[in-house]
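Input: a single structure, listed below in structure tokens.
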Protein chains: 2
Amino acid sequence: MTRGTGRGGGSAAPRSVDVARLAGVSQKTVSRVFNDEPYVSADVRRRVLEAAEQLGYRLNNAARALASGRTRSIGVVTLGTALYGPATLLMGVERVVRDTGYALRVVNTMEGDPAGIAGAVDSLLDQGVDGIVISEPIDEPIDEESDESDGVGDGGDVPVRVGVPVLVIGAPPPFPAATVLTAGGRADLMARAATEHLLDLGHVTVRHLAGPQRWYAARDRLEGWRAALAAHGRDVPPVVEGDWSAASGYAAGRVLADDPEVTAVFVANDDMAIGLIRALVEAGRRVPEDVSVVGFDDIPVAGYVTPPLTTVRQPFDAVAQEGLKRLVHAIENPQADPLPVSDPPVDLIIRSSTAPPPSRTTPGHGRRRTASRSGREGRP
Amino acid sequence: MTRGTGRGGGSAAPRSVDVARLAGVSQKTVSRVFNDEPYVSADVRRRVLEAAEQLGYRLNNAARALASGRTRSIGVVTLGTALYGPATLLMGVERVVRDTGYALRVVNTMEGDPAGIAGAVDSLLDQGVDGIVISEPIDEPIDEESDESDGVGDGGDVPVRVGVPVLVIGAPPPFPAATVLTAGGRADLMARAATEHLLDLGHVTVRHLAGPQRWYAARDRLEGWRAALAAHGRDVPPVVEGDWSAASGYAAGRVLADDPEVTAVFVANDDMAIGLIRALVEAGRRVPEDVSVVGFDDIPVAGYVTPPLTTVRQPFDAVAQEGLKRLVHAIENPQADPLPVSDPPVDLIIRSSTAPPPSRTTPGHGRRRTASRSGREGRP
DNA sequence: GTGAAAGCGCTAACAT
DNA sequence: ATGTTAGCGCTTTCAC
């Protein structure tokens, strides 16, 4: 075969020389037009565009990447099959990336994946990307040597030399690469607000159903919960850990239901919160009359389960947007200082799964002030 | 700059000649090794691999694509922000694509996107992909001319000439391109099974809360529902249409709750089903005692809402796997016949949101046989 | 089994 | 404002 296999149809795909010939200009001028470079007269530009249209010309990205050394694409490493957070974040990233003119390459890594995040990053580097986004990483340090010297990699098990800027969403920066940026919704602040909401309602303490602690996201939320408790001078009760699934929330709920002291639980995500509530209700503990529950994420059905869930909404879009703006900046201005970070707002959505604790005198029958909460409160 | 911008670190990235030199072979031999071509002695292969490792060599994909005319990447057009179906499908596709040795490029298109699917396909073609997957498309015919002749595109508004194989998941084939394949979970069969489950329970008829009819997926489910009704000689009652969201399910539920004739509803997805149930319960109609509800998707929380939702699980992974196997086959064997299709199994998950209809004599108080359904039935 | 030569279609640097 | 000349780092074709 000669060229353009895959371009199908029989006749080969037109190249920029073909367009140049038809437009009566040099090949370089065609290149100029397609790169929006200055110094092309309006007339020439129009002629080139017309010729291109007529031929069905499409810039060959492989050639462009080869010649320029830039692929104009950004890779994303995403974790967790279809968990609401990662999935939503991915969509947000996709939207923003498209606006920046970059293409998106996606690699999904599940927990327990042998190659893990390092493998995903490696495969992205193989594909050739100008920058990498790691979305909601888990604890799994990547062995790297990205030293400026001519050092030959022979350190860890999966040595990866990352020469492109990396944006880590929802985790602290401990990632050795040329440039590392972080972005995040300040989940700790949100967790803190959620916990404080419960404390303000009058609960003596608040239990926490955490996410898997390998996830930074889970640790962040736990930290916020702990901070809220500490700030109010409360003891920090033991943590129960789930795996983000409703099933694990259900299991945790069966345990917590047996403890009459439990009147409020802050759960690290909505799925677990729903499982937890189910277990509580099955055990005869009413929500929110006996036990208040706050979730995290504001998944689409959160406002419609029974009872409608009080939860925290993460600003995924804002995080993706800001993070990518900074990543693209780092890609295009290798030497410049990274752009400043700004904290997103905390968005606590109060629905009907939270209420004051039952009155201590008549355990299990407290019902103060719940009448004011209609079932539809706080729906989107 | 000379070469390897973006490869960072100071020293340029090693090329295959460098590896060749170090290994004492020709550059072509290095190429052979990295392409798993035959006719390389085990000894040479080892030496090359060692040299490559030592240098931290990475095959340059842009150069490879330019020289070979193949990008070894597949593009995915996905719809619907973070809807469970499309999101899950995307993850499935990603997993499978990685196994096939192709890279994945993703473009997200939301409903109402000006450029729409055609624009997404176009941008994928711009990026250069060997094949395209369109996941759960909506009704928005793409103007194309992919004729074998030298035809110049001047037909529709967004003329796109698609020269690579296209796989359409969850929709009929009406898509003019070089090669078009379809794959799908036979949602119609599943919808039919769901409806029949309700009919078998003794319901006189079954109402349907449909998804937006621009989506093939929504029409498919509606069709299955209609077919089940017809097969049982029942009249087809009017359809209520939602937009997949729990909020729209809630709105529909408020309407249906007022109609005492309604004893069973088949809902096109779980989110809407949850919204619907909420509205029903708020209106004083018990589920499943007064009204039975079947959802669609089996979202992670489906087994833990109140009542646990009877629903249908789509075989996303199987669909992605089979579809991609066929797409890759079409990419690599342009002339060969497409691989045969096989129907995935129907997976109806019966939990507690369905029961026999209330006895007609004491409207609103029927409770036959519901005691046997524990709250935890059918959980994963 | 291995190598040499010739592009792939573009962008970069330097003309003009 | 536009054209010329070199590559970018591979795969291909053909020779050995």
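Here is how names work: the chains are called A, B, and so on, in the same order as the sequence lines, proteins then strands, and each is numbered from 1.
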Original post:
Taking only side-chain nitrogens and oxygens of B:S68, does any of them come within less than 4.0 Å of OP1 or OP2 of D:dT11?
Top reply: no

Subject >> Strand-adjacent residues in residues 31-41 of chain A, judged by heavy atoms under 4.0 Å from DNA chain D >> reply: A:R32, A:Y39, A:V40, A:S41

**OP:** Take B:N35 and B:R64 through the side-chain hydrogen bond (donor to acceptor under 3.5 Å, both in side chains) test and state the conclusion after the steps.
**Re:** CA-CA 10 Å; B:N35 284 293; B:R64 168 137 97 161; 2.6 Å; yes

Original post:
At what angle, to 10 degrees, do the two end axes of the helix from C:dG1-D:dC16 to C:dT16-D:dA1 meet, given five pairs define each axis?
Top reply: 20°

Original post:
Nearest-Å distance, CG (B:L66) to C1' (D:dC8)?
Top reply: 9 Å

**OP:** Can you tell me the distance, in whole Å, between the CD atom of B:Q127 and the P atom of C:dG9?
**Re:** 19 Å

**OP:** Please state how far atom NZ in B:K28 lies from atom C1' in D:dC16, giving the value in whole angstrom units.
**Re:** 15 Å

**OP:** Using a cut-off of strictly less than 4.0 Å, decide whether A:T29 has a side-chain nitrogen or oxygen near OP1 or OP2 of D:dA1.
**Re:** no

Original post:
Sub-3.5 Å donor-acceptor pair from the side chain of A:D130 to the main-chain atoms of A:I74, do we have one?
Top reply: no

Original post:
Are A:R47 and A:D43 within salt-bridge range, i.e. N to O under 4.0 Å?
Top reply: yes

Original post:
Under the 3.5 angstrom rule, does the side chain of A:E322 hit a backbone N or O of A:A183 as a donor-acceptor pair?
Top reply: no

**OP:** Applying side chain to side chain contact (heavy atoms under 4.5 Å, CB included) between A:V30 and each of A:V17, A:L59, A:V25, report the one that passes.
**Re:** A:V25

Original post:
Are any of B:R64's side-chain N or O atoms less than 4.0 Å away from OP1 or OP2 of D:dC10?
Top reply: no

**OP:** Starting from P on D:dC10, measure out to CZ on B:R72 and report it in whole angstrom.
**Re:** 13 Å

Subject >> Side chain proximity check, A:V107 to A:Q127, heavy atoms < 4.5 angstrom >> reply: yes

Original post:
Whole Å only: how far is the CD atom of B:Q27 from the C1' atom of C:dA6?
Top reply: 12 Å

**OP:** Apply side chain to side chain contact (heavy atoms under 4.5 Å, CB included) to A:V48 and A:R32, showing your working.
**Re:** CA-CA 10 Å; A:V48 168; A:R32 282 208 180 86; over 6 Å; no

**OP:** Dump the intermediate steps for side chain to side chain contact (heavy atoms under 4.5 Å, CB included) on A:R58 and B:D122, then the final yes or no.
**Re:** CA-CA 10 Å; A:R58 226 177 250 287; B:D122 194 51; 2.9 Å; yes

Original post:
Quick one: A:Y57 OH to C:dG9 P, roughly how many Å, whole number?
Top reply: 10 Å

**OP:** Mind running salt bridge (Lys or Arg N to Asp or Glu O under 4.0 Å) on A:D36 and A:R45 for me, showing each step along the way?
**Re:** CA-CA 10 Å; A:D36 276 321; A:R45 160 168 268 111; 3.7 Å; yes

Original post:
Taking CG from B:N60 and P from C:dC8, how many angstroms apart are they, rounded to a whole number?
Top reply: 18 Å

Original post:
Reckon A:S16 has a side-chain N or O less than 4.0 Å from the OP1 or OP2 of C:dC10?
Top reply: yes

Original post:
Within this structure, what is the CG-to-C1' distance between B:L55 and D:dG9, rounded to whole angstrom?
Top reply: 15 Å

Subject >> Given D:dC10, C:dT2, C:dC10, the nucleotide with the shortest approach to the side chain of B:A67 >> reply: D:dC10

Original post:
Looking across every strand, which nucleic acid part, if any, lies under 4.0 Å from B:V17 by heavy atom: base, sugar-phosphate, or nothing?
Top reply: nothing

